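Heads up: the structure comes next, in structure tokens.
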Amino acid sequence: MEFPKRIYTIEEHKKAGELVKKGYKHRLRVKGSSTFKQKVRQALKLVRAAGYYSFLRTYIRSIVEIDGLTQLREADASIWANKYAVQDPVDAASLFIQKANHMKEYLEGMLYFGGAAEARSVRKRIEFLKVLKRESRKKEVKEECDRLLESWRESVFL
């Protein structure tokens, strides 16, 4: 069974959810300028280092450079990101995991937007940062995880 091109109708949603439950993984594609692709690849290395690459590939099909606001496009299983969202690879990696969690909840039929859903996704992002800090051998990555975790401690979502 092939993953639907769009996840918009009830049938497409059901098919996508069934495939994910059976272990389907996307071949993650990155689309954009060479600088954007390079920054995303740096973030994806961190996602792998933390052990979350399989999770990301389960729910996200592509990461696409745009000029507008960074967002999850649920119907496309795609993250649309601007160049500013990927400047810091640690922050970008945690953003990708947060958006993958949104997509997971979308496919599971949960309310994937609004205050409670945002809080759950932020908690997933924080979980990722803690794991990355523990798993990384690079001092600068650990320090950036600490900086981001501190900023999330001050968040209204927690």
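Computed from a prediction, not measured in an experiment: that's the story for all the values here.
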## Note on the structure
Distance col, row R48:CZ vs R57:CZ, nearest 0.5 angstrom, shows 8.5 Å
### Task
Ignoring hydrogens and angles, state whether a donor on the side chain of E127 or Y52 is under 3.5 Å from an acceptor on the partner side chain.
yes
### Message
Treating E65 as the side-chain partner and K31 as the backbone partner, does any N or O pair qualify as donor plus acceptor under 3.5 Å?
### Response
no
### Message
If hydrophobic clusters are built by linking Ile, Leu, Val, Met, Phe, Trp and Tyr wherever their side-chain heavy atoms come under 4.5 Å apart, do Y53 and I97 end up in the same one?
### Response
yes
### Message
Pairing donors with acceptors under 3.5 angstrom, does anything connect the side chains of S136 and K142?
### Response
no
### Heavy-atom side-chain proximity of Y106 to L72 below 4.5 angstrom
no
### Task
Taking all heavy atoms of R125 and all of S94, pick out the closest pair and write down the distance.
NE-OG, 2.9 Å
### Inter-residue atom distance H102.NE2 - I60.CD1, 0.5 Å rounding
10.0 Å
### Summary
Closest heavy-atom pair, Y59 versus M103, reported as atoms and distance to 0.1 Å, is O-CG, 3.1 Å
### Task
Answer yes or no on whether K124 is positioned over the face of F55, meaning its NZ or CZ is under 6.0 Å from the six-membered ring centre and within 45° of the axis.
yes
### Message
Return the CG to NE2 distance between L19 and H26, rounded to the nearest 0.5 Å.
### Response
9.0 Å
### Worked verdict on E12 versus T9 for side-chain hydrogen bond (donor to acceptor under 3.5 Å, both in side chains)
CA-CA 5 Å; E12 293 163 340; T9 67; 3.3 Å; yes
### Query
Which value, rounded to the nearest 0.5 Å, describes the distance between L149 atom CG and I126 atom CD1?
7.0 Å
### Task
May I ask you to check if R6 and Y8 form a cation-pi contact, with NZ or CZ under 6.0 angstrom from the six-membered ring centre and within 45° of the axis?
yes
### Task
Begin from the C-alpha positions of F36 and I63 and carry the test side-chain contact (heavy atoms from CB on, under 4.5 Å) through to its verdict.
CA-CA 10 Å; F36 179 82; I63 301 170; 4.0 Å; yes
### For the student: nearest non-hydrogen atoms of L107 and G17, plus distance
CD2-N, 4.4 Å
### Query
Can you name the nearest heavy-atom pair linking N82 to A85, along with the distance?
OD1-N, 2.9 Å
### Query
Could you state the interatomic distance from CD (Q98) to CG (D91), rounded to the nearest 0.5 Å?
9.5 Å
### Message
side-chain contact (heavy atoms from CB on, under 4.5 Å) for L46 and V90? Distances and angles first, verdict last.
### Response
CA-CA 7 Å; L46 298 174; V90 174; 3.7 Å; yes
### Query
Hey, does K37 have a side-chain heavy atom less than 4.5 Å from the side chain of R41?
yes
#### Entry: Which atom of K25 lies closest to which atom of S54, heavy atoms considered
CE-OG, 2.8 Å
### Query
Taking it one step at a time, do V122 and W152 satisfy side-chain contact (heavy atoms from CB on, under 4.5 Å)?
CA-CA 8 Å; V122 167; W152 282 112; 3.5 Å; yes
### Message
Are F128 and L28 connected into the same hydrophobic cluster when the rule is that any two of I, L, V, M, F, W, Y join if their side-chain heavy atoms are below 4.5 Å apart?
### Response
yes
### Query
Do L95 and L129 sit in the same hydrophobic cluster, where Ile, Leu, Val, Met, Phe, Trp and Tyr count as joined when their side-chain heavy atoms come under 4.5 Å apart?
no
### Message
For a quick test of reading the model, state the closest non-hydrogen atom pair linking T70 to A81 and the distance between them.
### Response
OG1-CA, 3.5 Å
### Query
So, S78 versus R61: side-chain donor-acceptor pair below 3.5 Å or not?
no
#### Entry: L56 side chain near L44 side chain, heavy-atom distance below 4.5 Å
yes
### Task
For the pair K15 and E11, evaluate salt bridge (Lys or Arg N to Asp or Glu O under 4.0 Å) and give the outcome as yes or no after the intermediate values.
CA-CA 6 Å; K15 183 178 179 182; E11 274 186 28; over 6 Å; no
### Query
Do D88 and R147 meet the salt-bridge criterion of a basic N to acidic O distance under 4.0 Å?
yes
### Query
Taking 4.0 angstrom as the limit, do D146 and K130 come out as a salt bridge?
no
### Message
Under a 4.0 Å threshold between the charged nitrogen and the carboxylate oxygen, would R120 count as salt-bridged to E105?
### Response
yes
### Message
Counting C-beta onward and ignoring hydrogens, is there a side-chain heavy-atom pair between I79 and V64 closer than 4.5 Å?
### Response
no
### Query
For atom CD of E140, is the number of surrounding heavy atoms from other residues, nucleotides or ligands below 6.0 Å larger than 12?
yes
### Message
Looking only at the side chains, is there a donor atom on one of Q38 and T35 sitting less than 3.5 Å from an acceptor on the other?
### Response
no
### Message
With rounding to the nearest 0.5 angstrom, report the CG to CD distance, L132 to E144.
### Response
10.0 Å
